[in-house]
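Structure record follows, encoded as structure tokens.
Throughout, residue positions are numbered sequentially from 1 according to the sequence presented. Hydrogens, waters and symmetry mates play no part in the numbers below; they use all other heavy atoms, side chains included. Just so we're clear, the structure is a prediction, and the values are computed from it rather than from any experiment.
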Amino acid sequence: MADVNKIPLLLYHDFFAPNEVPLNNFAVAREDFAEQMNYLSANGFEGISLERLAADLAAPKKTDGELAASRRKAVLTFDDDDISHHEFVLPLLRKIGFTATFFITVKDVGADRQMDWGMVRDLVASGMEVGSHGLIHTFLPARDDRTLSDEMVMSKRILEKSTGKRVDSLSVPHGFYDKRVVNAARNAGFAAVCVSDAGYNDFSGPVPFVLKRFTMRQNYDIRSFRSIVEGHPAISIAAAERLRAGLRTFLGYRIYDSIRSLRYGAKRPQRG
């Protein structure tokens, strides 16, 4: 039976093919992702969207702390609307019967190496959930109240109009947020805010509004992945995530982003 307090929320960004060279540690090799999804399928997990998680949590429970359904859950989320989400991820998820939540940055739709609106609607038609990643992928804590509200309300409205589906979840761009951002998201009508803080969420009571996720990284092998989804992250992963969280808090978004930009440069992988 599935322990609701050990349901992992996994965060993916883009994926690189064998003929591509990744420029940062957020890019996951396509063969590694396929291996991870095969692990879930072979070991009694079901890959699901946030929408499906909410429905499962609302269903009657057989015993305290256990979901009514027998299969274990792993929530799959994808940020940044990279074109690989449509050309690679979607066919793989459909093949194994998983669902997922894809967070879309509205102004990036149709840009180079990004999904277009037809692809976004194809996600929805295939049973996937679409969420908001804001209008322009900005640091939300830095925006004034009006701009912050527009980022929430307008992105939600545009996505709902473009897909014909209700948009209930927001993924915070860059992983930086504060109480003002959380309140703005709640006022905009979102049911959940996904962040980049690593860890498991307490689903034993009311569903938390702010949801932690484990960021999947290029250097995570299948043992690292297994440790996260099985509820016991490797010591090295836990230590690294604590360090990243501490640096984000200590340095602030401007300095932290400058350091990341110096280290990684452009985010898109270059073909080798």
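Using cut-offs of 30° and 60° for the angle between ring planes, the Phe139 and His174 rings count as parallel.
Annotation: side chain to side chain contact (heavy atoms under 4.5 Å, CB included) contacts of Ala74 (sequence neighbours excluded): Pro8, Leu40, Phe45. The ring-ring contact (aromatic ring centres under 6.0 Å, His included) check on His85 picks up Phe78, Phe102, with sequence neighbours excluded. Under the side chain to side chain donor-acceptor pair (under 3.5 Å) criterion, Gln218 pairs with no residue, sequence neighbours left out. Remark: Thr163 engages Val120, Val124, Lys165 in a side chain to side chain contact (heavy atoms under 4.5 Å, CB included) (not counting sequence neighbours). Under the side chain to side chain contact (heavy atoms under 4.5 Å, CB included) criterion, Asp221 pairs with Arg223, Ser224, not counting sequence neighbours. Applying the side chain to side chain contact (heavy atoms under 4.5 Å, CB included) test to Asp178 and every residue at least two apart in sequence or in another chain returns Pro141, Arg180, Val181. For Arg226, there are no side chain to side chain donor-acceptor pair (under 3.5 Å) partners two or more places apart in sequence or in a different chain. Scanning for side chain to side chain donor-acceptor pair (under 3.5 Å) contacts around Ser236 gives an empty result, with sequence neighbours left out. Looking at residues two or more places apart in sequence or on another chain, you find no side chain to side chain donor-acceptor pair (under 3.5 Å) involving Ser169. Residues forming a ring-ring contact (aromatic ring centres under 6.0 Å, His included) with His13 (at least two apart in sequence, or on another chain): Phe26.
Atom NZ in Lys73 sits 5.5 Å away from atom CD1 in Ile48 (nearest 0.5 Å). Distance check: Thr99 OG1 to Arg52 CZ gives 6.5 Å after rounding to the nearest 0.5 Å. The line from CZ of Arg217 to CG of Leu11 is 8.5 Å long, rounded to the nearest 0.5 Å. Between atom CZ of residue Phe103 and atom CG of residue Asp80 there is a gap of 11.5 Å, rounded to the nearest 0.5 Å. Put simply, CG on Leu135 and CG on Asp150 are 7.0 Å apart, with the number rounded to the nearest 0.5 Å. Remark: Met152 CE to Asn183 CG distance equals 9.5 Å, nearest 0.5 Å.
Under a hydrophobic clustering in which Ile, Leu, Val, Met, Phe, Trp and Tyr are joined whenever their side-chain heavy atoms come within less than 4.5 Å, directly or via other members, Val153 and Tyr177 fall into different clusters.
Here the rule is side chain to side chain contact (heavy atoms under 4.5 Å, CB included) with Leu211, and of Val193, Leu53, Leu50 only Leu50 fits it.
Nearest approach of Asp82 to Gln114, heavy atoms of both residues: N-NE2, 4.2 Å. Residues Gly175 and Ser196 approach most closely at CA-OG, 3.6 Å, considering heavy atoms. Ser171 and Arg213 get closest at one heavy-atom pair: OG-NH2, 2.9 Å. Across every non-hydrogen atom of Lys212 and Asp197, the tightest pair is CB-O, 3.1 Å.
Of the possible polar contacts, none joining the Ser149 side chain to the Asp145 backbone as a donor-acceptor pair under 3.5 Å is found. Proximity of a side-chain donor or acceptor of Arg30 to a complementary backbone N or O of Ser84 within less than 3.5 Å is not detected.
With hydrogens and angles left out, the side-chain atoms of Asp122 and His86 include a donor and acceptor closer than 3.5 Å.
Applying the ring-ring contact (aromatic ring centres under 6.0 Å, His included) definition to pairs two or more places apart or across chains, none involves residues 113-132. Pairs of residues two or more places apart, or lying in two chains, that qualify as ring-ring contact (aromatic ring centres under 6.0 Å, His included) and include a residue from residues 206-235 are Tyr200-Phe214.
The existence of a salt bridge linking Glu241 and Arg244 is confirmed by a sub-4.0 Å separation between a basic side-chain nitrogen and an acidic carboxylate oxygen.
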